[in-house]
**Student:** 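A single structure is presented below for examination.
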Number of protein chains: 2
Amino acid sequence: MNDIHNEEASEESVSPEAALGRVMELSFLMAADMDAGQAKLGLTRARATIMWQLHHSGPTTQRALSDALKVTPRNITGLVDALEGGNFVVRTPHPTDRRAILVKLTDHGAQTAASMETGWHEFAGQLFGHLSGAELEAFLGTLDGVLERLRTVVARSLGA
Amino acid sequence: MNDIHNEEASEESVSPEAALGRVMELSFLMAADMDAGQAKLGLTRARATIMWQLHHSGPTTQRALSDALKVTPRNITGLVDALEGGNFVVRTPHPTDRRAILVKLTDHGAQTAASMETGWHEFAGQLFGHLSGAELEAFLGTLDGVLERLRTVVARSLGA
DNA sequence: CAACATAGTGAATGATATACACAATGAAGA
DNA sequence: TCTTCATTGTGTATATCATTCACTATGTTG
């Protein structure tokens, strides 16, 4: 994985480029930590994402998972195969639609998902728990503005 | 790819969890936009990372690329194979070490890297260019504190 | 020169992701 | 009802990224 966070001597220490560099590094390190946590639970990133979705939405069809994760249905089939092999989920028939399959967490899967939930809150606390209410509010305000701009950039980038 | 950015109704709108959720969304959208830009140049994420490294460090041995990207040497071999096949880089003998190979950008590769550089600055401007100096400074200050904590968390997570 | 370390690659494998084709089922209309 | 069309999931094939292990060629050191 990439790990290149150059801080060019020629760049000012406060600049859009500096902010982008920091955010990239943040993103990289967060992913590394979350991957490590998921691996400790016997999960990969993609599989953990499905677990997270099931944990928050309950039993879900593979089609719905495909929509939620924005990946192809075929990909979901493979990920659910792996999760089923690890006894994290089971496939059950859909009560009304015989084409569809409901994926649901096993007891073991539910326990794993609960650990993920706990880890999520701990992680949030470790990263942002030290901030004062005012500082956190200011940070979120700036972040929301950036996110809004980013969403329009992405929409244009993927739409065009 | 994951695309789950739940904003739980039960969570306060200003909280560590809210911040983590926003940062995750930011990270996801940034990756999507950058992937799209790289694809437009005929590159994937991993290949673009090598291009970026070569652009900023000049001709580099595969071993050094392996260290910089923190991936196995074998992986670098494959990525350089692909970049060589696309005429982005050439392998040249190392002047003093006959075991080693210097990977360097072709003209086409250098032009592509220059486009990446331009895109990077544009992207930074689009995301953060609207912020006042004070707001940017505050944002960076908070971010640096978060990064520092994250680094220790990651070090512990990967060291243990 | 012997012993060890380093640089790169072949072979095998795993995880993620896609496209295409297809069977089974559902839904809507004639 | 029966035909038509859409939807759900999966088999097959392929691409990319990434790893481990084994190996050759070369450098380095005692």
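To find a chain, count down the sequence lines: A is the first, B the second, and so on, and within it residues start at 1. All of these numbers come straight from a predicted model, not from anything done at the bench. Every heavy atom of this structure was used, including side-chain atoms; hydrogens, water molecules and symmetry mates were not.
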**Student:** Picking from A/Val89, A/Asn75, A/Ile101, what satisfies side chain to side chain contact (heavy atoms under 4.5 Å, CB included) with A/Val80?
**Tutor:** A/Val89
**Student:** Using residues 122-135 of chain A as the side-chain source, report each donor-acceptor pair under 3.5 Å to any protein atom, sequence neighbours left out, with the distance given to one decimal.
**Tutor:**
from     : atom 1 : to       : atom 2 : distance (Å)
A/His130 : ND1    : A/Leu127 : O      : 3.4
A/His130 : ND1    : B/Arg149 : NE     : 3.2
A/Ser132 : OG     : A/Glu135 : N      : 3.0
A/Glu135 : OE2    : B/Thr142 : OG1    : 3.0

**Student:** Grab the CD-C1' distance between A/Gln62 and D/dT10 for me, whole Å please.
**Tutor:** 9 Å
**Student:** How would you list, by chain and number, every residue that makes a side-chain contact (heavy atoms from CB on, under 4.5 Å) with A/His94, sequence neighbours excluded?
**Tutor:**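 If we apply the side-chain contact (heavy atoms from CB on, under 4.5 Å) test to A/His94, skipping adjacent residues, the hits are A/Thr61, A/Thr96, A/Asp97, A/Ala100, A/Leu102.
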**Student:** What is the distance, rounded to the nearest whole Å, between atom CG of B/Asp67 and atom C1' of C/dG8?
**Tutor:**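 Interatomic distance, CG of B/Asp67 to C1' of C/dG8: 13 Å.
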**Student:** So, does A/Thr72 get its side chain near the phosphate of C/dA17, meaning an N or O under 4.0 Å from OP1 or OP2?
**Tutor:**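 So the side-chain polar atoms of A/Thr72 never come under 4.0 Å of the phosphate oxygens OP1 or OP2 of C/dA17.
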**Student:** Consider the side chain of A/Arg47, meaning its heavy atoms from C-beta on, and name the nucleotide among C/dG8, D/dT19, C/dT16 that approaches it most closely.
**Tutor:**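 The nucleotide sitting nearest to the side chain is C/dT16.
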**Student:** Base, sugar-phosphate alone, or nothing: which one does A/Ser66 contact when heavy atoms must sit under 4.0 Å apart?
**Tutor:** nothing
**Student:** What is the separation between atom CZ on B/Arg74 and atom P on D/dT24, rounded to the nearest whole Å?
**Tutor:** 16 Å
**Student:** Return yes if a side-chain donor-acceptor contact under 3.5 Å exists between B/Gln62 and B/Arg91, otherwise no.
**Tutor:** yes
**Student:** Under 4.0 Å between any heavy atoms, over every strand shown, what does A/Arg63 touch: base, sugar-phosphate, or nothing? Just pick one.
**Tutor:**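 Sugar-phosphate contact only - A/Arg63 comes under 4.0 Å of backbone atoms but never of a base.
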**Student:** Rounded to whole angstroms, how far apart are CZ on B/Arg45 and P on C/dT16?
**Tutor:** 15 Å
**Student:** Just verifying a value: how many Å separate A/Phe88 CZ and A/Met51 CE, rounded to the nearest 0.5 Å?
**Tutor:** 6.0 Å
**Student:** Heavy atoms only, 4.0 Å cut-off, all strands: where does B/Leu79 land among base, sugar-phosphate and nothing?
**Tutor:** sugar-phosphate
**Student:** Could you label the plane-to-plane angle of the A/Trp120 and A/Trp52 rings as parallel, tilted or perpendicular, counting under 30° as parallel and over 60° as perpendicular?
**Tutor:** tilted
**Student:** Give the residues of residues 89-103 of chain B touching DNA chain D, defined as any heavy atom closer than 4.0 Å, sorted by residue number.
**Tutor:**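 Residues of residues 89-103 of chain B that come under 4.0 Å of DNA chain D are, in numerical order, B/Thr96, B/Asp97, B/Arg98, B/Arg99.
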**Student:** Whole angstroms only, please: what is the CG-C1' distance between B/Asp81 and D/dT16?
**Tutor:**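 It is 13 Å, rounded to the nearest whole Å.
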**Student:** Choosing from D/dA18, D/dT10, C/dG8, which nucleotide comes nearest the side chain of B/Thr77?
**Tutor:**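 Closest nucleotide to the B/Thr77 side chain: C/dG8.
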**Student:** If I take atom CG in residue B/Leu69 and atom P in nucleotide D/dA18, what distance separates them, rounded to the nearest angstrom?
**Tutor:**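 These atoms are roughly 8 Å apart.
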**Student:** Round to a whole Å and report the spacing from CG of B/Asn75 to P of C/dA15.
**Tutor:** 16 Å
